[in-house]
Amino acid sequence: MKKSCFAMLTLIFALCTVAVPSQAMDVDELIAKHVEASGGAKKLDAVQSTKVIGKFMTQGMEFPFSMIQKRPNLLRIEAEVMGMTMIQAYDGDHGWSINPMMGSTDPQLMGEFENKSFKMQADMDGLRSFKKRGYTMEYMGEEDVEGTPCYRLRVDTHEDIVMDYFFDKEYFLVIKQASTVKMDENIIESQTYMSDYQDVDGMITPFAIETRMGDMVANSIAFETIEHDVEVDDSIFVMPEAATPPPPPATEGGGQ
């Protein structure tokens, strides 16, 4: 009887010991460890602007691009596609774009979903500012990502976008982000994988990003250079006015 009780207590203790790490990792601790692994809050907060040069690859094609971010929430992306320049930007309040592939070089305001997406991307603080934005964050336990043990954090923006972040248990860096987006009556799911982390000015940043839709690779991004605290003119984030078409030629006799 004593032996049986001892065996049962040993089993219960073992189960409790296994369960503790999963339940002990709360949201604030996880984000704090991630921030520290990324370079520390002091260094991250000190960066006022960032410029990235890289390549965007999709459907067998490759396009050079540049991305400029500036505090508090300004963003501009330019890509060269078939000899034409595509621009997407966020001015702090609204997103806009110029897409000559659609037959016009006039700037256009972004739609509701694009605007939400660029608003989030323009925030240089990312995860560190989610609570201030009113997002709900929930620790979802542990899960493997292609063989790598991870902590899983769910972020609900309450704006039809839910994101799950997967933090490598050893390094506390994000190696995957799964997004669920509701557009009208449609649900769009995607997975983004981050890799090739490198040290830039004491901050750890992924240089390779791959986005998948189901089992298919939708696109991938390779960063070539990242510069911090570059000089940036705020006017590049402001949507320019549409080109005014030239007046029609005057007809002889004043149009009579």
Side-chain angles (χ1 to χ4, degrees), residues 25 27 30-31 33-35 37-38 50 52 54-59 63 65 67 69 73 75-77 79 86 88-90 94-95 97 110-169 171-197 204-223:
M25 181 61 69
V27 171
L30 181 54
I31 292 177
K33 287 180 178 293
H34 168 67
V35 170
S38 300
T50 300
V52 176
K55 293 179 180 178
F56 179 84
M57 292 148 283
T58 182
Q59 299 179 348
F63 312 110
F65 80 93
M67 180 177 72
Q69 283 183 278
N73 55 349
L75 173 66
R76 181 183 174 103
I77 300 173
M86 298 178 62
Q88 293 176 303
Y90 189 79
H94 300 95
S97 64
M110 289 183 179
E112 182 181 3
F113 169 70
E114 282 183 297
N115 201 68
K116 289 178 183 177
S117 178
F118 265 70
K119 178 182 178 181
M120 293 180 60
Q121 190 176 348
D123 186 347
M124 293 181 66
D125 288 330
L127 279 163
R128 292 178 295 148
S129 68
F130 282 179
K131 279 192 173 181
K132 291 187 292 184
R133 294 194 221 172
Y135 297 170
T136 299
M137 292 188 285
E138 180 182 3
Y139 174 59
M140 303 298 292
E142 301 177 13
E143 186 172 326
D144 275 12
V145 174
E146 299 182 337
T148 301
C150 293
Y151 296 113
R152 181 174 181 175
L153 176 68
R154 175 161 295 170
V155 178
D156 189 343
T157 68
H158 305 292
E159 294 181 327
D160 296 326
I161 301 175
V162 176
M163 301 170 293
D164 284 14
Y165 290 84
F166 297 81
F167 301 81
D168 184 309
K169 286 182 64 177
Y171 300 105
F172 290 95
L173 298 172
V174 177
I175 63 171
K176 177 184 175 181
Q177 177 188 322
S179 300
T180 302
V181 179
K182 182 179 180 182
M183 295 182 64
D184 299 323
E185 298 302 317
N186 300 316
I187 302 296
I188 301 174
E189 297 181 347
S190 63
Q191 303 80 42
T192 302
Y193 293 81
M194 296 80 162
S195 60
D196 189 21
Y197 274 88
I204 310 302
T205 305
F207 271 63
I209 301 173
E210 181 181 271
T211 300
R212 305 176 191 172
M213 307 286 287
D215 296 328
M216 299 292 292
V217 175
N219 58 70
S220 59
I221 296 172
F223 294 165

**Request:** Enter the distance from K55:NZ to S220:OG here, rounded to the nearest 0.5 Å.
**Result:** 11.5 Å
**Message:** Has N73 got a side-chain atom pairing as donor or acceptor with A122's backbone, closer than 3.5 angstrom?
**Reply:** no
**Prompt:** Is it true that atom CZ of F63 has more than 12 heavy atoms of other residues, nucleotides or ligands lying nearer than 6.0 Å?
**Reply:** yes
**Message:** Any carboxylate oxygen within less than 4.0 angstrom of a Lys/Arg side-chain nitrogen, looking at R152 and E143?
**Reply:** yes
**Message:** By the definition side chain to side chain contact (heavy atoms under 4.5 Å, CB included), identify the one residue from L153, V145, I175 that meets it with F167.
**Reply:** L153
**Asked** Do F130 and M137 have side-chain heavy atoms sitting under 4.5 Å apart?
**Response** yes
**Prompt:** Which residues satisfy the side chain to side chain contact (heavy atoms under 4.5 Å, CB included) test with S38, sequence neighbours excluded?
**Reply:** H34, L44, L173
**Request:** Look only at the side chain of D156 and the backbone of H158, and say whether a donor-acceptor pair between them is shorter than 3.5 Å.
**Result:** yes
**Heavy-atom side-chain contact between E146 and Y193 under 4.5 Å** = yes
**Message:** For K119, is the NZ atom crowded, meaning more than 12 foreign heavy atoms sit under 6.0 Å from it?
**Reply:** no
**Item:** Nearest-0.5 Å distance, CZ of residue R212 to OG1 of residue T192
**Value:** 10.0 Å
**Prompt:** Sub-3.5 Å donor-acceptor pair from the side chain of Y90 to the main-chain atoms of D123, do we have one?
**Reply:** no
**Request:** In sequence, state the C-alpha distance, the side-chain angles, and the governing distance for V181 and K116, and then conclude on side-chain contact (heavy atoms from CB on, under 4.5 Å).
**Result:** CA-CA 11 Å; V181 179; K116 289 178 183 177; over 6 Å; no
**Asked** Where the side chain of Q69 meets the backbone of Q121, is there a donor-acceptor pair that is under 3.5 Å apart?
**Response** yes
**Item:** Minimum side-chain heavy-atom gap I221-F65 below 4.5 Å
**Value:** yes
**Asked** Should T148 and F166 count as side-chain neighbours, where that means a heavy-atom distance under 4.5 Å?
**Response** no
**Request:** Could I get the full list of side chain to side chain contact (heavy atoms under 4.5 Å, CB included) partners for E138, not counting sequence neighbours?
**Result:** M140
